[in-house]
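Only one structure is covered here, and it is reproduced in the block below.
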Amino acid sequence: MAQKPSIPKGTRDFTPIEVAKRNYIFNTIRGAFETFGFQPIETPSFENSETLMGKYGDEGDRLIFKILNSGDYLSKANTEAYNTKDSNKLTSSISEKALRYDLTVPFARYVVQHQNEIEFPFKRYQIQPVWRADRPQKGRFREFYQCDADVVGSDSLWQEVEFIQLYDTVFKALKLEGVTIKINNRKILSGIAEVIGASNKLIDFTVALDKLDKIGEEKVKEEMLSKGISQDGISKLQPLFSLSGSFESQMESLRTILATSKDGLKGIEELAFINLAISELGLTTATLQLDVTLARGLNYYTGAIFEVSAPQEVKIGSIGGGGRYDDLTGIFGMKDMSGVGISFGLDRIYLVLEELNLFPETVNKSVEVLFINFGDKEALFSLKAIKVLREAGINAELYPEAAKMKKQMTHANRRNIPFVVLVGEEEITSSTYTLKDMTLGEQYKVSLQDLISKLK
RNA sequence: GUGGUUGUAGCUCAGUUGGUUAGAGCGCCUGAUUGUGGUUCAGGAGGUCGUCGGUUCGAGACCGAUCUUCCACCCCA
């Protein structure tokens with residue numbers, strides 16, 4: 001115990017207030033998920049390595065936390081890999097399990113494994129922590145929560161429409177204004193790649209394009225060139241860099257650029273469908289924006305791609321993302337099962353709400369009323385009243401010791417308890433309760449009945 | 001994984017070119033006030049200067065390693 005205890009990099013302890021605030025977000029999201037008809041599932045915090053490895057690209061594999069085998073793991077280690085210090089090769093022989101990296105792949109595994117019990121289309125939500133061996137930064141942790149909602153077994157674009165509404169519903173409920181829901185379509189991206197003759201370099205192309213707003217047009221072109229995309233092809237992209245204006249006008253330009261790409265035009269049709277529906281239905285707080293440069297990660301998206309940006313004044317990455325994947329369960333041997341889903345980044349939403357001061361005052365409140373303890377006789381009398389209050393659904397407690405009054409009052413004050421009840425000898429004889437309002441500083445004598453109605 | 005950055009009291013931070021017992025504000029504790037918190041007043045406690053090692057007569061200041069924080073890249077919620 002000589003050393004100070006500590007926790008691993010990128011992990012956090014949560015104080016009661018922080019937990020209360022996190023629960024506020026969880027409950028809001030969960031409530032919205034349920035009103036949209038999603039059902040909860042949970043999956044293990046660790047999976048078999050082969051379930052996860054290779055599903056997120058090379059970069060993803062590097063960021064997956066591997067769990068060392070139990071027992072004498074070196075005896076089964078791949079000696080060749082060990083001797084040549086080939087970490088990648090060695091890993092699979094000493095580690096068979098890995099911590100969950102996201103909620104989507106475990107969900108795909110779940111669907112395949114439970115396909116005979118599931119009623120499709122299956123709408124599930126899942127709120128659990130995930131782990132990434134990333135280098136932490138602000139809003140980037142090695143352990144964090146994702147809140148996912150996905151639908152499998154329906155190709156319908158109405159699902160995409162509903163997910164946009166779901167985002168809007170959650171951010172409205174959190175009173176978070178100025179959120180932008182960016183949307184794009186994988187088919188448009190592959191269409192553009194096709195048009196510029198870079199179909200085989202789709203990922204490199206999209207990764208570079210994704211950086212447009214960050215590093216600028218010139219650097220993007222440089223990166224594309226260095227990845228082997230032809231100068232000729234890049235010059236065909238010119239109209240793309242100057243794309244701006246409304247959803248509709250951007251679509252018009254895209255139609256021209258993608259005129260020769262069947263795939264690309266299909267993507268435009270899908271976006272047009274979604275946009276039309278959303279403009280009919282309307283959004284309350286969020287804004288839907290077409291962003292052709294949106295190409296975030298996940299190699300498995302095949303249709304819509306979503307990303308949610310926090311209000312501009314908060315400098316933080318995205319607070320949510322998602323998309324359509326036509327064949328996610330294919331990797332586990334179940335063909336033609338289309339899925340689409342979105343994710344909320346709880347920890348980042350937390351930072352945003354904190355920065356904008358959007359947590360309601362009431363999240364701090366633990367107990368409604370504290371009874372001051374004057375001694376055993378008074379405590380027993382108080383507990384009788386507390387019992388009645390609790391039965392009426394009022395959070396109430398007794399200070400456990402007959403400490404100095406000042407100490408008990410200070411305790412109530414620090415814990416943000418809005419009411420204090422004083423029951424001394426005088427109150428017992430007259431069967432009354434002195435109720436003190438801690439915010440106003442006023443107090444009055446009331447009956448048990450009045451106490452209940454005042455506190456309810 | 002690469003490059004950089006940060007770390008002094010519970011919190012926010014001072015600490016001059018290395019030089020006696022390391023400071024402030026806020027918070028905390030005690031009392032004024034033995035049935036009244038949040039205000040006021042008077043006292044008081046609290047620091048292995050992230051950790052380990054090195055240079056030096058002397059290190060909170062300089063050097064190295066390590067951990068942590070934040071930032072950029074990578075990638076991403």
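Letters go in sequence order (proteins before strands), and every chain restarts at 1.
- Ring geometry for A:Tyr101 against A:Tyr56 counts as tilted: the plane angle lies between 30° and 60°, on a 0 to 90° scale.
- Straight-line distance between the C1' atoms of B:G47 and B:G23: roughly 11 Å, to the nearest whole Å.
- In this model, the phosphate group of B:C73 is approached by a side-chain N or O of A:Lys214 to a distance below 4.0 Å at OP1 or OP2.
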Residues A:Tyr125, A:Phe38; criterion ring pair (Phe, Tyr, Trp, His ring centres under 6.0 Å); working and verdict: CA-CA 6 Å; A:Tyr125 75 85; A:Phe38 291 87; 7.5 Å; no
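- The P atoms of B:U51 and B:C57 are separated by 25 Å, rounded to the nearest whole Å.
- Put simply, CE on A:Met409 is 9 Å from P on B:G38, counting in whole angstrom units.
- By the 4.0 Å N-to-carboxylate-O rule, A:Lys221 lies close enough to A:Glu217 to be salt-bridged with it.
- Rounded to an integer number of Å, the gap from CD of A:Gln146 to P of B:A77 is 6 Å.
- Taking atom C1' on both nucleotides, B:C13 is separated from B:G60 by 15 Å, rounded to a whole Å.
- Evaluation of atom-type donor-acceptor distances gives a pair under 3.5 Å for the side chain of A:Glu427 against the base of B:G35.
- Using cut-offs of 30° and 60° on the angle between ring planes, the pair A:Tyr167 and A:Phe344 is perpendicular.
- The distance between atom CG of A:Asn373 and atom P of B:U36, rounded to the nearest whole Å, is 16 Å.
- The P atoms of B:U16 and B:U8 are separated by 16 Å, rounded to the nearest whole Å.
- Rounded to a whole Å, the CD atom of A:Glu307 is 10 Å from the P atom of B:C76.
- For A:Phe144 and A:Thr410, each mapped to the nucleotide of RNA chain B holding its nearest heavy atom, the one lying further toward the 5' end belongs to A:Thr410.
- Following rounding to the nearest Å, A:Lys138 (NZ) and B:C75 (P) show an atom-to-atom distance of 23 Å.
- For B:G35, the OP1/OP2 oxygens have no side-chain nitrogen or oxygen of A:Lys407 closer than 4.0 Å.
- Look at A:Glu18 and A:Lys21 and you find no salt bridge, because none of the NZ, NE, NH1 or NH2 atoms lies under 4.0 Å from a carboxylate O.
- Within the 4.0 angstrom heavy-atom criterion, base atoms lie near A:Thr439.
- With hydrogens and angles ignored, a donor-acceptor pair closer than 3.5 Å exists between the side chain of A:Arg135 and the base of B:G3.
- Between the base of B:G38 and the side chain of A:Asn413 there is no donor-acceptor pair shorter than 3.5 Å.
- A:Phe122 and A:Phe107 have tilted rings, their planes meeting at an angle from 30° to 60° on a 0 to 90° scale.
- In this structure, A:Arg140 does not reach the B:C70 phosphate: none of its side-chain N or O atoms is under 4.0 Å from OP1 or OP2.
- Between A:Lys406 and B:G31 there is no side-chain polar atom (N or O) within less than 4.0 angstrom of OP1 or OP2.
- Nucleotides B:A65 and B:C71 have their C1' atoms positioned 22 Å apart, rounded to a whole Å.
- For the P atoms, the distance from B:U33 to B:G27 is 23 Å, rounded to whole Å.
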Bracket string, RNA chain B, 5' to 3' - pairs by Watson-Crick or G-U geometry under 3.5 Å, | interstrand: ((((..(..((((.....[...)))).(((((.......))))).....(((((..]....))))))..))))....
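- In plain terms, the two heavy atoms of A:Arg124 and A:Leu103 that are nearest each other are NH1-O, 3.6 Å.
- Using a 4.0 Å cut-off between charged nitrogen and carboxylate oxygen, A:Glu426 and A:Lys445 count as a salt-bridge pair.
- A:Val130 comes within 4.0 angstrom of no nucleic acid atom, judged by non-hydrogen atoms across all strands.
- For A:Leu440 and A:Lys211, each mapped to the nucleotide of RNA chain B holding its nearest heavy atom, the one lying further toward the 5' end belongs to A:Leu440.
- Between A:Arg140 and A:Asp347 there is no salt bridge, since no side-chain N of the basic residue sits under 4.0 Å from a carboxylate O of the acidic one.
- B:U48 and B:G37: their C1' atoms are spaced 37 Å apart (whole Å).
- Distance CD (A:Gln408) to P (B:U34): 15 Å, rounded to an integer number of Å.
- Among the atoms of the strands shown, none is found under 4.0 Å from any heavy atom of A:Gly60.
- A:Leu422 comes within 4.0 angstrom of a nucleotide base, judged by non-hydrogen atoms across all strands.
- Atom-to-atom, CG of A:Asp134 to P of B:C71 comes out at 12 Å; the value is rounded to the nearest Å.
- Side-chain contact between A:Phe205 and A:Leu237: present, with at least one pair of heavy atoms (C-beta onward) separated by less than 4.5 Å.
- The phosphate of B:U69 has neither OP1 nor OP2 within less than 4.0 Å of any side-chain N or O from A:Gln137.
- Nucleic acid contact class of A:Tyr145 (heavy atoms, under 4.0 Å, all strands): none.
- Straight-line distance between the P atoms of B:U40 and B:U21: roughly 37 Å, to the nearest whole Å.
- The nearest whole Å value for the distance from the CZ atom in A:Arg132 to the P atom in B:C74 is 17 Å.
- Residue A:Gly320 is classed as a sugar-phosphate contact, given heavy-atom separations below 4.0 Å to backbone atoms only.
- Among the heavy atoms of the strands lying under 4.0 Å from A:Gly10 are primed sugar atoms or P, OP1, OP2 only; no base atom is included.
- Put simply, A:Lys9 has a side-chain N or O that comes within less than 4.0 Å of OP1 or OP2 on B:U68.
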